[in-house]
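Structure first, commentary second.
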Amino acid sequence: MNISQNQYGNYLIQEILKKWWHESYCVFIKRLIYENCLLLSCNEFSSHICELYITLANDEERKIIDDINSKIQEKYKKTLDSLQETKSN
């Protein structure tokens, strides 16, 4: 996904998604986006791809992102709770 993290590669991927979102060969790109959404959303250029994904996604595809986001939040919540517990002791 390195190509998505520069201004020209990000533009190219956005254009591919806009033009061929519903095509079967776009499934690979979509899977890379939702599997790496946290990393991509932290970059100035690739965050635009995440925004476009959410805009174009159907309910099922958005649910995948929501599930991943929930798991990430749960993971960090446990870490934060653990740090707060350590600080209290």
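Only heavy atoms go into these numbers, but all of them, side chains included; no hydrogens, no water, no symmetry mates.
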How many angstroms lie between atom [atom1] of [X] and atom [atom2] of [Y], to the nearest 0.5 angstrom?
X	Y	atom1	atom2	result
Asp67	Arg62	CG	CZ	14.0 Å
Ile13	Tyr53	CD1	OH	14.0 Å
Ile49	Leu40	CD1	CG	6.5 Å
Leu17	Thr55	CG	OG1	11.0 Å
Leu32	Leu39	CG	CG	11.5 Å
His22	Asn58	NE2	CG	8.0 Å

Can we say Lys63 and Asp59 salt-bridge, meaning some charged N sits less than 4.0 Å from an Asp/Glu carboxylate O?
->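 Not counted as a salt bridge, because no side-chain N and carboxylate O are separated by less than 4.0 Å.
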
Cys50 to Ser41 - nearest heavy-atom pair and separation = SG-N, 3.8 Å

Check whether any side-chain N or O of [X] sits under 3.5 Å from a backbone N or O of [Y] as a donor-acceptor pair, and report yes or no.
X	Y	value
Glu15	Leu12	no
Lys30	Trp21	yes
Asn6	Gly9	yes
Ser46	Gln5	no

May I ask whether Ile29 and Tyr25 are part of the same hydrophobic cluster, defined by side-chain heavy atoms of I, L, V, M, F, W, Y residues being less than 4.5 angstrom apart, directly or through others?
-> yes

Linking I/L/V/M/F/W/Y whenever their side-chain heavy atoms sit closer than 4.5 Å, directly or via other members, would Leu52 and Tyr34 fall into one cluster?
->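 As far as the 4.5 Å side-chain criterion goes, Tyr34 and Leu52 are connected within one cluster.
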
Does CD belonging to Glu60 count more than 12 external heavy atoms closer than 6.0 Å?
-> no

Between Asn10 and Asn43, is any pair of side-chain heavy atoms under 4.5 Å apart?
-> no

Test Cys37 against every option in Ile65, Ile64, Ile54 by the side-chain contact (heavy atoms from CB on, under 4.5 Å) rule and name the one that passes.
->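 Checked Ile65, Ile64, Ile54 against Cys37; only one passes side-chain contact (heavy atoms from CB on, under 4.5 Å): Ile65.
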
